[in-house]
Each structure stands twice: as structure tokens, then as C-alpha cells.
Amino acid sequence: MTRVAVFPGSFDPMTNAHLDVARRAAALFDRLVIGVLNNTKKSPLFSVDERIAQISLSVADFGPHVEVVGFDGLTVDFAAHRGAAFIVRGLRAVSDFEAELQMAHTNRKLQPAVDTVFLMSALEFGYLSSSLAKEVAQFGGEVGGMVPAAVAAALRARFAPPG
Ligand code: PNS
């Protein structure tokens, strides 16, 4: 039996907490499809294509069974389209739990055949968020330890002083 999982998220941008979850999920599943949500409600810093490129570089050594794609609509439809029976989500701290529980139950109501699997983010990345990484970069702080190298480079370029 081939175990396929999707790992959906905004990833605007991917942090080292996301990367850690992706690495461990890649070791658990036969195929892992990282899905970048094209969220029309948010105005992201990076386009979906930019995020896909950054994440693809970051997970390049995880193996050929890991794919990065964009998606819109419901995560359960994305999972069905990809033949995935699992949704992977990371939990950094207890504060993530409530929203994740609500999402997991909603997804299960929509599609009972798809289960959500939670991985605890590595302790050292528990404080990280995409918004904080963006804020640090925006004000010239060092984001090297917070995000994958490809993302750090993209953040530096995006917030480089003009000229
Ligand atoms: O990285 P994020 O922003 O925490 O990811 C949230 C995401 C993309 C997993 C969630 O917003 C989502 O699944 N959106 C797709 C729409 C959907 O399926 N909604 C119903 C389930 S909550």
C-alpha cells in the first residue's frame, strides 16, 4: 500500500519549523505533496510560484517522493486529487492546538476518509512563525537561523534597501 500525504500551508514564507515537519513527514510517507495555498483572502509577501520555488530548493535533498505544488479550494479536495489519505500539520505549541483541532474536525467532516496527522515541531523552532520571520527581515534583522537558506536569500532581496 502506498501511503500518500499532503502537507498544506500558506508557507509565506516557509520557516525552519515547517521544514522540520516536512523532513520528518518525508520519512514517514511514500509520497509527500507539499501544497502552497493560493489564498485570495490574504495578500502574501511572495507569490505562489515564488514560494514553490523556495520550498522546492529547501526540500531538494528529501528525495524524489517529495513534490511541491500550488493549490486552491479545499484542502480535502486537494488531498483527494493527489490520492492522499493523510493531511500533515505541524504543532509548535499548545497555542496551535485549538485551531488545528477545529481544522482537523472540519476536514474529517468533509472527507472522513482523510486523516490529519500531527507532528510536533522540533523544540528549537517552536517560537518561529512566518510573520515573525518577515518582520525581522523587514527591519534588517538576521533570519538565517529561522528560515531555509533559499527563503533567507529571498527575504533579504525583498527587503534590501533600494539602490
Ligand atoms: O499555513 P497555514 O496558513 O496555517 O495553513 C492553513 C491551511 C492552508 C492548511 C488552511 O487554511 C486550509 O486548509 N485552507 C484551505 C481551505 C479549507 O480547506 N478550509 C476548510 C478546512 S479548515
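Ligands are counted one by one from 1 in listed order, and the atoms in each one are counted from 1 as well. Remember, predicted model here, so these are calculated numbers, not experimental data.
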Q: By the rule that ILVMFWY residues connect when side-chain heavy atoms come within less than 4.5 angstrom, directly or transitively, which residues belong alongside Val94?
A: none

Q: Between Arg92 and Glu100 (salt bridge meaning N to carboxylate O under 4.0 Å), is one present in this structure?
A: no

Q: With sequence neighbours left out, what residues match Glu135 under side chain to side chain donor-acceptor pair (under 3.5 Å)?
A: none

Q: Below 30° counts as parallel, above 60° as perpendicular, anything between as tilted: where do the rings of Phe11 and His18 land?
A: perpendicular

Q: Partners of Arg23 by side chain to side chain donor-acceptor pair (under 3.5 Å), sequence neighbours excluded?
A: none

Q: Flag the pair Lys42 and Asp12 as a salt bridge only when some basic side-chain nitrogen lies within less than 4.0 angstrom of an acidic carboxylate oxygen.
A: no

Q: Hey, which residues fall under 4.0 Å of ligand 1 on heavy atoms?
A: Gly9, Ser10, Leu37, Lys42, Gly73, Leu74, Thr75, Arg89, Met103, Asn107

